[in-house]
Engineer: 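I have a structure here, written as C-alpha cells, and I will follow up with some questions on it.
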Protein chains: 4
Amino acid sequence: MCARAIDSEDKAARRAEILSAARRLFLHDSRQLPSVAQIATEAGLAKGTVYLYFQTKEEIFFALLNEYFAGLLQAVHAVFEAPASDDVLTRFMTRYLAYLDACPELLRLDAMAYSVLERNLDDVILRAFKLELLQGLTATAALIEDRLGLSAGRGLNLLMRTYALTRGLWQSLDYPPNLKLLLADPVFAPIRPDFRSELGAALSEYWRGALES
Amino acid sequence: MCARAIDSEDKAARRAEILSAARRLFLHDSRQLPSVAQIATEAGLAKGTVYLYFQTKEEIFFALLNEYFAGLLQAVHAVFEAPASDDVLTRFMTRYLAYLDACPELLRLDAMAYSVLERNLDDVILRAFKLELLQGLTATAALIEDRLGLSAGRGLNLLMRTYALTRGLWQSLDYPPNLKLLLADPVFAPIRPDFRSELGAALSEYWRGALES
Amino acid sequence: MCARAIDSEDKAARRAEILSAARRLFLHDSRQLPSVAQIATEAGLAKGTVYLYFQTKEEIFFALLNEYFAGLLQAVHAVFEAPASDDVLTRFMTRYLAYLDACPELLRLDAMAYSVLERNLDDVILRAFKLELLQGLTATAALIEDRLGLSAGRGLNLLMRTYALTRGLWQSLDYPPNLKLLLADPVFAPIRPDFRSELGAALSEYWRGALES
Amino acid sequence: MCARAIDSEDKAARRAEILSAARRLFLHDSRQLPSVAQIATEAGLAKGTVYLYFQTKEEIFFALLNEYFAGLLQAVHAVFEAPASDDVLTRFMTRYLAYLDACPELLRLDAMAYSVLERNLDDVILRAFKLELLQGLTATAALIEDRLGLSAGRGLNLLMRTYALTRGLWQSLDYPPNLKLLLADPVFAPIRPDFRSELGAALSEYWRGALES
DNA sequence: TATGAATGAGTTTTCATTCAT
DNA sequence: AATGAATGAAAACTCATTCAT
C-alpha cells in the first residue's frame, strides 16, 4: 500500500481508500469518530500520508458525510428521473428508506457533524463541500418540481424538510446500546417505535400535507 | 455559598443553582459545553461540591435538557388545556415557536446530546430522566387526543414528529459563525432560509397532512 | 510524593521540587529541554500536577533561569556588600567565576532562552519575572556604584556588559561533544581556549577599560 | 528552475540560490527557521532537490551563518588593510556597527545556532566550516596585530571578545514583539537601551581596556 | 458537607528526511 | 539531477473525576 500515487487518478484512488477506511472504522463503532492513527493503519498508510490528502481530521469525516448525501440525492434523483407514474411517491419512499437502511452510519455521522465536524475545517474546503451539496440539491429539487408540477422552490422545501424529519426522528429513536437495554422495559414502548416504520409514517403525513393543493 | 445544605430542600436548591449556573454559561457560549470547573466557579462552589449533586458532567446537561423539554411540554399542554376553540392549532404553533425563541440554547444542547450527553450517564439516572419525559409526553399526548378527537397514540405521534422536524430543521439551518459568513454569499440563499419561518411552514404542512382524515 | 500541598508553604515547596527536578534533568543532558512528562516523573508527580504549578513548560525553565540569575546577582551583591577594600574587583571576579563553575547549566539554559523560552509565556508572568530581575539588577548596580564611586547608571552598565561578555564567550567556546572531539585537532587550538581563563582575561580587560577615568 | 545543474559551476550557483532563498525567508521572519519545504518553494525547487545540495536543514543555516561571519570579517579586514592611521579604531567601530545594521538577522541566526544548528550536522562539513572561519579569523587577527603593533594572539583575542560582547548584548536587548510591548513601560527603561549605542559604548570600554599597555 | 489538590488518559499535527520514479 | 509522495517520531496540554482533609 506504499506504491506512490503519482498521477491524479492514483491520488484520487488513495483519497478514496482513506475515506473508505474511515467509513469502515466508523461503521464498526459509530459512537465516536476514529482517530487519524486508526484510519491510517486501517488504510495501510502512515499517519503523515493521511495528511497529504486531507488537511484535518474533520475534513475526512466531512468528505465522507458529503459522499453519503450525494448518494442519497442521487438515489432520489433516479426515482424522479424515471418516466412519471402515479406511484412515484411510493417509489421515492421505498428508495429513500432503502438507502438509509443501507447506510446506518450516515445518520450517526450527520448527528455528530453538528457539534464536531464543522470546527477546524478550512473555509475554502467547507465552501466547496457546501456548494457541491447545494448543486445536487438544486438539481434534484428542479427535477421534482418538474415531475410533480410544483412551483419553483417547492422542491427544495420538500427535500430539506424530508431530511430534517429523517434526522430528527433518528436522533429521537437511535439509542446507544445501554439505553436500548434500559428502554426494553414495556413502559417505554411508546417512545421506542421502529425507526423505519416511524419514518415512513411521518414522511407520508408530511408529504400528504405538503402536496395538498 | 459554602453554607452547608443540610435538609433536602436546601439540597434541591443547591442542585438548582448548579443547573442554573450551567444554563447561564451555556447560554453565553452555546457552541460547547462549559467545563465542570467553570460551572463550579459560576455557581460559587468548589469542583468537588458539584459532584455531590451530580454524578457526572453529562448528568448536569442531561438534567438541563430535561428541564427544557418539560418547559416545552408544559407550554404545549397549556395551549390544549384552554377551552377548545377553532384556532387551537394556531395558538399551539404560536406558543411553540415562542418557547423556542425564548430558549435558543435548547436546540443547541439537544443537538449535542446525541453525540455527547448520553455517554457516561448512570443507567438509573437515565431511566429516571426518560421516565419523567415519557410521562410528560404521555399526559400532553392524551390531552391533545382528547381535544382534537384523535385516536390513542396519535397524540404521541404528533408530538414526537413535531419535535423531530424542529430539531432536524434547526440542525440544517443553524450555522456556526464562520459558516454563516461563508454562506452569506447569495448563491447559498436557498439553503439559508430563516429558521423560524421555515419551521412554521414545515410544521403547518406536517400537521395538515397528519390531521387530514 | 502525593501528599497534598495544602497551605502555601507546602505549595511553594512543591513548586521548588518541580523546578529542582527540571534542573537535575537539564543538568544531566543540557542539549535540550526535558519534556514535561520527564519532569513530572523525576519529581514523582503526575503530568497534570506540574500544570497546577506552572502554566506552560516554558514557564518552568524561565523560572529556573531566573533563579540562576538571582543567585548570580546575590553572589555579586555579597562581594560588594563586604567592607570596601582594594581587592574588591579581584574578589568579584573570583566569586563570579566560581558561581558559573558551580552552575555550568546556567549558560546553556540562557543560550536556549533566546530562541525558545520566551515564546508561549504568559505576559503577566513574564513581566513579573523581568521585574524581579530588574530589581535585583538595580539594587546590586546601586551598591556597586556606591562602593566604586561611580555615577548613576554605571553599575547597571557594568553588570549588563559583564554578563553579555560572559554569555557571548560561552557560546563561542562551549562546543557539543562531537564538536569538541573535532576541534581537538591542534589546528583549532586558537579558537578553543579554556572558557574560564578566557572569560577571566576578557572581563579584566573590559573592567579595566570601563573603570578607567 | 528545473534545468539540470550539470557542471560544478551550475551546481555552485544552485547551492547559492538555495542559500539565498533561506536568507530571504529568514530575513522576513527571523524568529524561527523556515522549513525546508518553504526554502524549496522560495528557491523554485522541489524539496528533494534541496537535499542534493545540503545534507540537512541545519547545514543550510550553518552555511548561511558562515557567510555572514565571512562578510563581517571581510569588512573588518578592509578597515585594517587601509593605510594605518590614528582613527583606525573609530573606522573599525563604524564599519563593524554598519555591517550589523545591514544584517539584523545575523545575530538572530547566531543566537539560534547554539541550541539548534550544531546538532545534526555532519562532522566533515562542520569541520570545513570551522576551518574556514578559523582561517578568516587568523588572517584578520594577524592583520590587526600588525597594524596595531600587538603581540601574537592578541588579534584573535580582540576579535573573539568583540564578537562575544556583541552577541551577548544582542541577546540581552533584542526582545520579541510581545516582550517589547511589555517592556515599553518606563519602569523597564534601564534594561532597554538601544542596542547600537549600547554596543558602541561597551566596545569602546572593552577596546580601551584591552589596548591599554 | 465542602474543598481543591492530584491524577493521567488520550490525540492531533508538523516536518525533516528518504527514495521510487 | 530532479521530483514530490511517503514516512513516523515526538510531545504539550486539558479536564473529568477522585479522595484526603
Engineer: Looking at C:Tyr175, does the NZ or CZ of C:Arg108 lie under 6.0 angstrom from its six-membered ring centre and within 45 degrees of the ring axis?
Structural biologist: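 No, C:Arg108 does not sit over the ring of C:Tyr175.
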Engineer: Looking at A:Asn120, I'd like to know whether one of its side-chain N or O atoms comes within less than 4.0 Å of OP1 or OP2 on E:dT13.
Structural biologist: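 Yes, because at least one side-chain N or O of A:Asn120 sits under 4.0 Å from OP1 or OP2 of E:dT13.
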Engineer: Please tell me if B:Lys57 has a side-chain N or O lying less than 4.0 Å from either OP1 or OP2 of F:dC15.
Structural biologist: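 Answer no for this pair, as no side-chain N or O of B:Lys57 is under 4.0 Å from OP1 or OP2.
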Engineer: If you pin C:Gly48 and C:Gln32 to their nearest nucleotides in DNA chain F, which one's is more 5'?
Structural biologist: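 Nearest-nucleotide comparison on DNA chain F picks C:Gln32.
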Engineer: Give me the atom names and distance for the closest heavy-atom approach of C:Gln171 to C:Ala111.
Structural biologist: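 Nearest pair, atom of C:Gln171 first, then C:Ala111: NE2-CB, 3.7 Å.
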Engineer: Check whether the side chain of B:Lys47 and the base of F:dT17 form a donor-acceptor pair under 3.5 Å.
Structural biologist: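 Flag set: donor-acceptor pair detected.
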Engineer: Using Watson-Crick and G-U wobble pairs with both distances under 3.5 Å, what is the 5'-to-3' dot-bracket string of DNA chain F, with [ ] for crossing pairs and | for pairs outside the strand?
Structural biologist: .||||||||||||||||||||
Engineer: Considering only side-chain heavy atoms of D:Tyr53, which listed nucleotide, F:dA1, E:dG8, E:dA5, is closest?
Structural biologist: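 The answer is F:dA1, which lies nearest to the side chain.
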Engineer: Starting at atom CD of A:Glu58, determine the distance to atom P of E:dT11, rounded to an integer number of angstrom.
Structural biologist: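 Roughly 13 Å, once rounded to whole Å.
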Engineer: If I compare all heavy atoms of C:Ala37 with all of C:Lys47, which pair ends up nearest, and what's the gap?
Structural biologist: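 Smallest interatomic distance, heavy atoms only, reads CA-CG, 4.0 Å.
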Engineer: If only side-chain N and O atoms of A:Arg4 are considered, is one of them under 4.0 Å from the OP1 or OP2 phosphate oxygen of F:dT7?
Structural biologist: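 It does not, given that no N or O in the side chain of A:Arg4 lies less than 4.0 Å from OP1 or OP2 of F:dT7.
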Engineer: Can you check whether B:Arg14 has a side-chain N or O nearer than 4.0 Å to OP1 or OP2 of E:dA2?
Structural biologist: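 Result: yes.
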Engineer: Between atom OG1 of C:Thr49 and atom CD1 of C:Ile39, what is the distance when rounded to the nearest 0.5 Å?
Structural biologist: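 Reported to 0.5 Å precision, the distance equals 13.0 Å.
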Engineer: For F:dA6, does OP1 or OP2 lie under 4.0 Å from any side-chain N or O of A:Tyr51?
Structural biologist: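 Negative; the distance criterion is not met.
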Engineer: For the pair made of CG in A:Leu52 and P in E:dC15, what is the distance, rounded to whole Å?
Structural biologist: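 Spelled out: CG on A:Leu52 to P on E:dC15 is 13 Å.
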Engineer: Taking D:Ser20 for its side chain and D:Ala16 for its backbone only, find out whether a donor-acceptor pair lies under 3.5 Å.
Structural biologist: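 No: the side chain of D:Ser20 does not pair with the backbone of D:Ala16.
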Engineer: Can a side chain N or O of D:Lys11 be found less than 4.0 Å away from OP1 or OP2 on F:dA1?
Structural biologist: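 For D:Lys11, the contact criterion (side-chain N or O under 4.0 Å from OP1 or OP2 of F:dA1) is met.
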Engineer: Nearest nucleotide by nearest heavy atom, which residue falls closer to the 5' end of DNA chain F, C:Val36 or A:Ile6?
Structural biologist: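 This one resolves to A:Ile6.
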Engineer: In Å and rounded to the nearest 0.5 Å, what is the CD to CG distance from B:Glu105 to B:Leu65?
Structural biologist: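 One finds 10.5 Å between CD of B:Glu105 and CG of B:Leu65.
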Engineer: What nucleotide, of E:dT3, F:dA1, E:dT7, holds the atom closest to the side chain of B:Leu45?
Structural biologist: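 Between E:dT3, F:dA1, E:dT7, the one nearest the side chain of B:Leu45 would be E:dT3.
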Engineer: Does OP1 or OP2 of F:dC15 have a side-chain N or O of B:Ser35 closer than 4.0 Å?
Structural biologist: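 B:Ser35 to F:dC15 OP1/OP2: no side-chain N or O under 4.0 Å.
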Engineer: Once you round it to whole Å, what is the distance between P of E:dT12 and CD of A:Glu59?
Structural biologist: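 Those two atoms, CD and P, are 15 Å apart.
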Engineer: Salt bridge or not for A:Arg15 and A:Glu67, using N-O below 4.0 Å?
Structural biologist: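 A salt bridge is absent here (no side-chain N lies under 4.0 Å from a carboxylate O).
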